[in-house]
Each structure stands twice: as structure tokens, then as C-alpha cells.
Number of protein chains: 2
Amino acid sequence: MEGTTVADTAQTATRVVSAADRVQRPQARTLERREAVLQAAMQVFGARGYNKGALVEVAEQAGMTHAGVLHHFGSKEGLLIAVLKYRDGIEVAGVEAREQAEGPSFLSHIIETVAENTHRPGVVQTYAVLSAESVTDGHPAQEYFRDRTTVLREKIAGVLGEVTEGHASRQDLLDAASTLIAVMDGLQVQWLLDPDAVDMPRIVTKTLDELVDRLMSGAAAPSAVERANALVDPTGR
Amino acid sequence: MEGTTVADTAQTATRVVSAADRVQRPQARTLERREAVLQAAMQVFGARGYNKGALVEVAEQAGMTHAGVLHHFGSKEGLLIAVLKYRDGIEVAGVEAREQAEGPSFLSHIIETVAENTHRPGVVQTYAVLSAESVTDGHPAQEYFRDRTTVLREKIAGVLGEVTEGHASRQDLLDAASTLIAVMDGLQVQWLLDPDAVDMPRIVTKTLDELVDRLMSGAAAPSAVERANALVDPTGR
DNA sequence: GCACACTTACTTACAAGTCAGTAAGTCACT
DNA sequence: AGTGACTTACTGACTTGTAAGTAAGTGTGC
């Protein structure tokens, strides 16, 4: 399978970045082999979950044995962490390509990401499965997801604050951010179970619009429960 | 296998319901033993997930061996299904005690349930973990959660339709229902990871209020992304 | 009201498989 | 020549599920 040829050797020296920040110097194709493993792991963990996803399956899909995978990542847990960081890396790279999350335009980035996710169920599944699995006792990705959520909430609240220009309290901003994150995450599960039942981009967009509009208005919506009760008993018991 | 004897023959005529469709009569304490297993299973599956939750642990917590558990439920998968149905049973019983989901008052029931859930992290975790795990390939609870979500969405959309009295289209009602479900599910994960970071009842209530208010108004909120862009470039590029 | 036939509710023991991780060796690059 | 990238081979810890046995129930006929 491996056809490492003379051609490879010629250009290893040309790359400045090659072994720059690595602790140990890897061979020419190492980086792409590691990446192949990471992609395989994303797919397997997404399809089966971290607990049920076996290293042999990851290894097979990356074209090596499971011991080879362990050679690169030390342990299954190490692989998980690497997958998570890799995913972040990809996402950041994607954002950077567009524009690195400058204030208000971060909102359109969110919408775009949701729309894109519609075409990559694998990525969505990996994230949805792992994030929920992470709440189990002693799960290795627990801290990762807790931190990630906190940072994201803070970030979204900040952007919403900019957009609404001081019309809303910090608490309302944080609540709105939590709501938006919850809608995105919750919809993913619904969508994975039944892709035709929900239109993720439309619903997330609507939610965001309503959230911002409400934040701007400064007033809370009337109680839905009271409205409902009034319907049942118009006299107002 | 069947030892149909003369004794049987003598009385088969007396009973209309004969051995053929006999349900199996359990002994006196069987029901509570089964329930002990179900409770143990809820706890273990919640804490560890279905895949990692071992039968031995469930059995231990119920005070028997894992073979005893299999005697009652046939297989691990059978136990999972039983747990899910058991959970529904409890919930239905709770609803019935209050009032069986009559139209508009279903909304206050939702809010009450969310508030109650704040005091039973175990139940929340079981649901959150299993529902997300169910999206993995060939998971035994997949159909259960798909159906459950569909029914719930339809139900909520129906109630929202009653409350808003024809002000909204069916699509908008379904979207609002999906949103509400997503918020509840998504918040649960955030809350499990960091209980102090989100106030579930408050946020769900707010979301419901805003959803109903928006549905009543009939008009969509202005685009948040456009508002944000206007901020960055007020000329309107 | 008691013996007999049979079932239920388990237990212990085991089979069979899966999985992460390790040790030692091979081979290609550098 | 030495290090990095593997493979092969193996171990040990866990799994679920099955088989076989046992004690305690349950219902029936007499």
C-alpha cells in the first residue's frame, strides 16, 4: 500500500512549518497519516459513540492496525482529545477563511455554519453524540465540552450585547445565548433522528431574529401560560 | 417441551383463557423486584450510558446477579426498552395526577415539569444521555426517541394552535414546537455539565412566552444578521 | 389440608466474544 | 546508526448471554 518514493524526499526540506512545533520530529508522511486516523476516528465515534467505537475500526479505516493508532495517540482517550482539538482546528480554519469572528458578523457565521452542517451529517453526529455522552460519569471529554459551552455562551452574549447596544441586561444576554446554543444542539438531535422533520437553518435563523428583536424591545413577552388560562376561563377566575 | 397431560385436558374447558395465551402469572413480590431493577437500570444507564452501563452493575444495585436481571428482561436491549416504557409510565402517572394534558393547560404542565427536573438530575441525565446516544448506528432506542419526538412536536404544535387561535400557519406552529423541544433538550445538557450556568425553568418559560407572542403577532422578527450588518456598515453597502 | 405437578425466581458456572493496552520486532528514512 | 512508524502477537479485563441447578411458590385433585 505504501509507495513512498524518491519524489517525496526531495521536498521535505522545503517546508518550514514541517517539524516546527513538534516535540519529536516526524517523518514526511506522518502528519497526513495522523490526520487520516483523526478523520476515521471522527467518523467512527460519530457513528458508534466514544464508548462503543472500537480502535480496531478506527485503525482499519485509516489503513493500519489498532496498535498503530495507539502508537500515535497513546491511548483511546488521547485520541478522543485529539479528535476534539482537530475538529476545533478545522472550524477555526473555516472561520478564518471567512473572517475571524469579528463582532456582529459572528452571527451570520453561526447561521452559515448551521446551513453547512445540513450537508455533513457525520460531523453533526460526532458532535451531538460526544457532547451528550460527555455528561456521563468521568467521561474524558467532560471538561472540554463544559469549557466550550462556557466560552461560546460568553462569546454569543458579547456579540448580542454589541448588536443590541445596551438595550439588554447581562443576564438577559446570557439567557439568550444559552437559548441559542440549546436550540442549535437540540435541533441537531431531532434532525439526526428525522432529517425531514426539522429545517435547522430556518428555525435557528428565526430564533436568532426573535431573540435579538426581544432584546432590543426591552420588554418581556406576556406570560403564555396566563394567556392559555384566560382562554380556558375568560373570566379570569 | 410441552407436557400436556390428562389433568390439563380435564379443565381446559372450564377456562376460556387457557395455557395458549397465558400471560404468565408473576409471584407476589415479582413486580417490586422488577421495579427495583428498572430503577437501578435508570440510574446506571443515566450515569454511564446504555453501552457502557453493565448488567452486573444494574443487578448489583437491584440486589441480584446479572443472570437474574436477564431472567426478567430477556436481554440488555429488552431491559432498555422496559426502562423507557417505565419512564413514560411514571411521567404519564404524574401528568394524570395533575390533569391529563387537556389542551392549553399542557403548557403549564411543561413548565412545571422543567422546574421539577431541576431537582432530579438523575432522571434528566438518563433522558439526555439515552436520547443522544440513540442517534448512533443501530441503537435499540432509536425508534422510541424518533416516535416520541414526533408525537411531542405534534402535540405541542396543536396546543400552540389552540392558544394562538389561528393566528399562525401550521408550519410556524411546528417550527415553534421544534424550537421549544430543542430548547428543553439542549438546556438539559448545558445544565448537566454546569448546573449553575443556566436557569432552566426561567429560560424555557421565556422561550415559550416569546414563541407564543410571536405566533400571535403574525409578523416575523426583522433579520438579526441585517441589523448586525447595519451596525458595522450603516450606509447599507 | 395436603401431597403432587409444575412454574417462577433466582444462583453459580461457564462459554464466547470484544476491547484497550503492551512488548518486541521489522523496516524505511534521515 | 538510530529513531520514528509501524506490525504481529498476546494478555487481561470485561462483556452479554446460556445452561443447569435449586428453593420457594402456586394451583389442583382428592
Side-chain angles (χ1 to χ4, degrees), chain A residues 1-15 18-19 22-37 41 44-45 48-60 62-80 140, chain B residues 1-15 17-19 22-37 40-41 44-45 48-60 62-80 140:
Chain A
M1 180 183 274
E2 284 81 39
T4 312
T5 63
V6 196
D8 296 17
T9 325
Q11 55 169 352
T12 39
T14 63
R15 305 282 292 194
S18 65
R22 296 259 328 180
V23 191
Q24 287 173 334
R25 63 209 92 170
Q27 289 182 359
R29 314 197 42 146
T30 298
L31 211 117
E32 53 186 89
R33 304 276 28 236
R34 275 178 63 104
E35 220 172 292
V37 174
V44 172
F45 289 164
R48 300 244 200 263
Y50 170 70
N51 284 319
K52 207 181 180 185
L55 284 183
V56 261
E57 208 182 330
V58 173
E60 226 160 69
M64 65 177 78
T65 63
H66 89 278
V69 171
L70 288 172
H71 164 72
H72 284 295
F73 299 97
S75 69
K76 193 187 181 187
E77 190 173 324
L79 175 61
L80 210 217
Chain B
M1 188 190 278
E2 284 82 40
T4 311
T5 64
V6 193
D8 293 18
T9 325
Q11 63 141 11
T12 36
T14 64
R15 305 278 290 199
V17 187
S18 66
R22 229 239 315 290
V23 197
Q24 250 183 1
R25 52 200 73 212
Q27 291 182 357
R29 314 196 48 149
T30 298
L31 213 116
E32 52 187 90
R33 304 276 30 236
R34 276 179 61 104
E35 220 172 291
V37 175
V44 172
F45 289 164
R48 301 242 202 264
Y50 170 71
N51 284 318
K52 208 182 179 185
L55 285 182
V56 261
E57 206 182 332
V58 173
E60 227 159 67
M64 64 177 76
T65 61
H66 89 277
V69 171
L70 288 172
H71 163 73
H72 284 295
F73 299 97
S75 67
K76 194 187 179 186
E77 190 173 324
L79 175 60
L80 208 216

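Letters go in sequence order (proteins before strands), and every chain restarts at 1.
- Between Thr30(A) and His72(A) there is a side-chain heavy-atom pair separated by less than 4.5 Å.
- Using a 4.5 Å heavy-atom threshold, the side chains of Leu70(B) and His66(B) count as touching.
- Interatomic distance, OH of Tyr50(A) versus CG of Asn51(B), reported as 13.5 Å (0.5 Å rounding).
- Put simply, His72(B) has a side-chain N or O that comes within less than 4.0 Å of OP1 or OP2 on dC10(C).
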Check the interface with nucleotides 14-16 of chain C: list each N/O to N/O pair with the protein under 3.5 Å, or write none.
none

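- Mapping Gly63(B) and Ala67(A) onto DNA chain C by nearest heavy atom places Gly63(B) at the nucleotide closer to the 5' end.
- You'll find that the side chain of Met64(A) is closest to dC6(D), out of dT8(C), dT11(C), dC6(D).
- Within 4.0 Å (heavy atoms only), Gly53(A) reaches sugar-phosphate atoms of the nucleic acid but no base atom.
- Side-chain N/O atoms of His71(B) include one lying less than 4.0 angstrom from OP1 or OP2 on dA9(C).
- Of the candidate nucleotides dG17(D), dG21(C), dT7(D), dT7(D) has the atom lying nearest to any side-chain atom of Thr65(A).
- Nucleic acid contact for Leu70(B): base, since at least one base atom lies under 4.0 Å from a heavy atom of the residue.
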Query raised in the report: Passes side chain to side chain contact (heavy atoms under 4.5 Å, CB included), Glu35(B) versus Leu31(B)? Steps please.
Result: CA-CA 6 Å; Glu35(B) 220 172 291; Leu31(B) 213 116; 4.1 Å; yes

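- Across the protein-nucleic acid pair, Tyr50(A) atom OH and dC19(C) atom C1' stand 12 Å apart, rounded to whole Å.
- Two residues are said to be in side-chain contact when any heavy atoms from C-beta on lie closer than 4.5 Å; Lys76(A) and Val58(A) fail this criterion.
- For the pair Arg29(B) CZ and dC10(C) C1', the computed distance is 14 Å after rounding to whole Å.
- Put simply, CG on Leu79(A) is 15 Å from P on dC19(C), counting in whole angstrom units.
- With rounding to whole Å, Lys76(A) atom NZ is found 8 Å from dG21(C) atom P.
- Across the protein-nucleic acid pair, Glu32(B) atom CD and dT8(C) atom C1' stand 15 Å apart, rounded to whole Å.
- Look at Arg33(A) and you'll find a side-chain N or O under 4.0 angstrom from OP1 or OP2 of dC6(D).
- Atom-to-atom, CG of Leu31(A) to C1' of dC29(C) comes out at 17 Å; the value is rounded to the nearest Å.
- Rounded to a whole Å, the CD atom of Glu60(B) is 16 Å from the C1' atom of dC10(C).
- Judged by distance alone, with hydrogens and angles left aside, the side-chain atoms of Arg34(A) form no donor-acceptor pair with the main-chain N or O of Phe73(A) at under 3.5 Å.
- No side-chain heavy atom of Met64(B) sits under 4.5 Å from any side-chain heavy atom of His71(B).
- When rounded to the nearest whole Å, the span between NZ of Lys52(A) and C1' of dG17(C) equals 13 Å.
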